[in-house]
Amino acid sequence: MTAPRLAIIGGTGLTRLKDLEITHRRVMHTPYGEPSGPLVFGHLNGIETVFLPRHGARHTIPPHQVNYRANIWALHNTGVEAAIAVAAVGGITECMQPGQLAIPDQIIDYTWSRANTYFEGGHLDEVTHVDMTWPYCPEVREKLLNAAGELELPVCEQGTYGATQGPRLETAAEIDRMERDGCDLVGMTGMPETALARELGLSYAACAVIANRAAGRSKGEITMDEIGRNLETGMEQVKRLLARVIAS
Ligand code: HPA
């Protein structure tokens, strides 16, 4: 069996990749515990791909309880060349409008008390610090941007993702603070996933789907209905984008 070329991590709204012709599923046990579910192997556009829904197949694992270490370890262990993480987010700055896609180029971590490193405990020969200046793999980002260009999909070509703890949404004041910090997007799963991929040397980039305007950025409250509707539109675009990336 050859290694899959690409790993896709599905977020809220993408628990299943319907165009993936599934060949098998593999239950993985890692030194860090169990991933969110069995890895799903198959062919996407004829290319070997592995898919993992971050919140579990039935969308039951909240962002602060995802076993990010097990997920990234398991995917890296399959020998993939690269990983694309799909994530639902709120749009903070003006250009980040619901239903649209964005390929972030920076991230700020506001999460706490998550298992956020492989470099601790008995696994370590010496203290190690990975470089995170550019947190996302430029080559994988470029593939996403080129594919979006070929499909004429409107995407925000860069942006800073602010990773919050959840599972609650933010207050308007928290979003104001994040905007002052330079965040364009807010989501709950970008960290520690991004840093863990870097620690293992896994080429990783994110494709964010804007599900709603962030707190205080539109009239009224944010509803799950609104999030669901916008994700439906956005995920159709994501599926087309992924199929094109894999063909490249
Ligand atoms: N905040 C945090 N995470 C999110 C949001 C949000 O507004 N929308 C979708 N995921």
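Below, all heavy atoms of this structure are taken into account, side chains as well, without hydrogens, waters or symmetry copies. Bear in mind that the values here come from a model prediction, so they are computed numbers and not experimental data. Whatever order the structure lists them in is the order used to number ligands and atoms, beginning at 1.
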Side-chain atoms of residues 185-202: list all donor-acceptor pairs with protein atoms under 3.5 Å, sequence neighbours left out, distances to 0.1 Å.
from, atom 1, to, atom 2, distance (Å)
Glu193, OE1, Arg54, NH2, 2.9
Glu193, OE1, Tyr204, OH, 2.6
Glu193, OE2, Arg54, NE, 2.8
Thr194, OG1, Gly190, O, 2.6
Arg198, NH1, Asp131, O, 2.9
Arg198, NH1, Trp134, O, 3.2
Arg198, NH2, Trp134, O, 2.7
Arg198, NH2, Pro135, O, 3.2
Glu199, OE1, Thr117, OG1, 3.1
Glu199, OE1, Tyr118, N, 2.6
Glu199, OE2, Thr117, OG1, 2.7

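- The backbone N or O of Thr60 lies less than 3.5 Å from no partner atom in the side chain of His55, so there is not a single donor-acceptor pair.
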Only pairs under 3.5 Å count here: list side-chain donor-acceptor contacts from residues 218-225, not counting sequence neighbours, and write none if there are none.
from, atom 1, to, atom 2, distance (Å)
Thr223, OG1, Glu226, N, 3.1

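- Under 4.0 Å from any atom of ligand 1, one finds heavy atoms of residues Ala88, Val89, Gly90, Leu169, Glu170, Val186, Gly187, Met188, Asn212.
- Sorted by first and then second residue, the salt bridge (charged side-chain N to carboxylate O under 4.0 Å, His left out) pairs involving residues 158-179 (not counting sequence neighbours) are Arg168-Glu174, Asp176-Arg217, Glu179-Arg217.
- Residue Ile9 is tested with Ile84, Leu75, Val86 for a side chain to side chain contact (heavy atoms under 4.5 Å, CB included); the sole match is Leu75.
- Summarising the geometry, atom CD belonging to Glu48 is positioned 11.0 Å from atom CG belonging to Leu20; distances are rounded to the nearest 0.5 Å.
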